[in-house]
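Comments concern the structure below.
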Amino acid sequence: VGTSTDQVVTVSNTGTSDLNVSSMSFTGSDADNFSVDSTPFTVSPGNSQVVTVSFSPDIVGVFSASLNIVSDGGSDTVILSGNGIAPELTTDPLDLTFGDVLAGESIELTTTVTNTGSATLTVSDIVSNNPAYFTVSLPATRAGQSDSGYNDSGKIRPVSISNDLSESKKPAVSQGRSLTRSIETGNNIILTAITFTLNPGESQDVMVTFAPDSAGSFIGTLNITSDGGDAVVSLEGTGIAPELTVDPLSLSFGDIILSETADLTATISNTGSATLQINDMVSSDPVRFTVSLPGVALGGTGGSSVLPIQSGSNGLRQKSPGDLKQFDHEIRSDISNGRNITNMAFSLAPGASQDVIITFVPDSPDAFDETLDITSDGGDATVSLSGNCVTPDILITPASHDYGEVELGESGNTEFTVYNTGTSDLHISGITFTGDNASDFSVTTQPASSILPGDSTDFQIGFNPAGTGLRSA
């Protein structure tokens, strides 16, 4: 259809005088689809004239007509028939929905191009209008075709050539698949178009790869051009990605007395749209700031409990059931720093959270500033850690006292002062006496039970001798 083909009719003069052909005309319902090249003409005795008849179908189908030849030697009729054929492009499906794809990964879907017509179909171009995210390739070659120019998976090979573009240097191209090429800086060949032919009834799969680089919705079209019509395939996909959020990003433990500990909590949340993998949580000072997880993962979708930890050949490792996908928690032991647990990894579904407990364990009076570094596939975070180790210090004045002479049956009182010269609260739990005459002495006025750093409290001790002579305690 849209083209023409020729056949010849031979007119012979079998008489003894010139044959004059006066007209050649067509009759029948399809007469307009046939044409002849020359009339009138004369043929001498014993000779012949070749006449070219052209058939030009305008639609698909069977055509017929009669060629009527009129001459002074009689008339004749030639029966004509022809079949109009055409390629027809059919593409299925016309919509490719890739669904959710993790940013940085990819997924392939296939649409099939079929020649449902009656003539060879030439696909002249297949182009993605959004090639940054939707790329096009062909799978394995069809039977009977060469696979030159394609890799083992059937995708078009990237080709690199030198500036010499002579025939001997050009890459091979598949039979039936002409690859249009353009040259970029560095002499790398970039394939910009895919063409191939299909016989009637043949099909060719076309693979579209969706590769998002970030979270969000992406759309595009696959535009297929051919001599049997064009097609547009709609492309749609969603890039998903985890996102790490940590709150708070600063933990201040304040003043902690030596030999005591304090716990504070930071919450890790997955505010993204894909599962978040926490790769590690490391304290810069695992001796004084230790990290642990409580027993339950908080909130989110499909939250689950942290499982018990068992000792294994590779350190401390969680026994995780096969169906626990949302919270895969693994802890490994690091013997070198003298602490049980230093590295942690777990995953969180979108919207889920996990509390992390940081314990401050001071071992000497000082100020400490460290960090908790959290690494994940949804970003990294650093939590600032600070704390002061403080100690109380007691000073009593006077350090000793002589009551002098006290008659039996009488008593004497003396006031003492307790000072807190340390950096933390001083707690007085009681006053006791020791020595040979400890029972002769008693507290008559009690001190305060707690003294702030820099403050003092007074108390009195009475002396009531139970015998004569020097009494001491």
Provide the full list of ring pair (Phe, Tyr, Trp, His ring centres under 6.0 Å) pairs with a residue in residues 14-48, sequence neighbours left out, each pair given once.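 For residues 14-48: Phe34-Phe55.
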Tell me the ring pair (Phe, Tyr, Trp, His ring centres under 6.0 Å) pairs involving residues 107-132, sequence neighbours left out?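 For residues 107-132, and leaving out neighbouring residues, there are no ring pair (Phe, Tyr, Trp, His ring centres under 6.0 Å) pairs at all.
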N/O donor to acceptor pairs below 3.5 angstrom from side-chain atoms of residues 246-259, sequence neighbours left out:
unit_1, atom_1, unit_2, atom_2, d
Asp255, OD1, Asn388, ND2, 3.1

So, using side chain to side chain donor-acceptor pair (under 3.5 Å) as the criterion, who are the partners of Ser269 when residues are at least two apart?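 Per chain and number, Ser269 pairs via side chain to side chain donor-acceptor pair (under 3.5 Å) with Ser353.
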Of all residues at least two apart in sequence or in a different chain, which pass the side chain to side chain donor-acceptor pair (under 3.5 Å) check with Thr391?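 With sequence neighbours excluded, Thr391 shows a side chain to side chain donor-acceptor pair (under 3.5 Å) to no residue whatsoever.
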Per the side-chain hydrogen bond (donor to acceptor under 3.5 Å, both in side chains) rule, which among Thr91, Thr90, Asp92, Asp205 passes with Thr112?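 The option that passes is Asp205.
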Under the side chain to side chain contact (heavy atoms under 4.5 Å, CB included) test, residues paired with [X] that sit two or more places apart:
X      : answer
Asn129 : Thr221, Asn223
Ile79  : Ser66, Thr77
Leu452 : Asp425, Asp455
Pro87  : Asn115, Ala119, Leu121, Asp227

Say whether Thr267 and Asp355, considering side chains only, have a donor N or O and an acceptor N or O under 3.5 Å apart.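 Distance-only check passes for Thr267 and Asp355.
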Go through the side-chain N and O atoms of Asn20 and Thr42 and say whether any donor and acceptor fall under 3.5 Å apart.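 There is such a pair (donor and acceptor under 3.5 Å, judged by atom type) between the side chains of Asn20 and Thr42.
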Can you pull out every side-chain hydrogen bond (donor to acceptor under 3.5 Å, both in side chains) where at least one residue sits in residues 5-16? Sequence neighbours excluded, please.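 Output for this query lists Asp6-Ser54.
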Pairs in or reaching into residues 356-372: which pass salt bridge (Lys or Arg N to Asp or Glu O under 4.0 Å), with residues at least two apart or in two chains?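 Of all non-adjacent pairs touching residues 356-372, those that pass salt bridge (Lys or Arg N to Asp or Glu O under 4.0 Å) are Arg288-Asp363.
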For Glu108 and Phe98, which heavy atoms make the closest approach, and how far apart are they?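 Looking at all heavy atoms of both residues, the shortest contact is C-CE2, 4.3 Å.
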Listed partners of Phe218 passing ring-ring contact (aromatic ring centres under 6.0 Å, His included), at least two apart: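 Partners of Phe218 under the ring-ring contact (aromatic ring centres under 6.0 Å, His included) test: Tyr133, Phe210.
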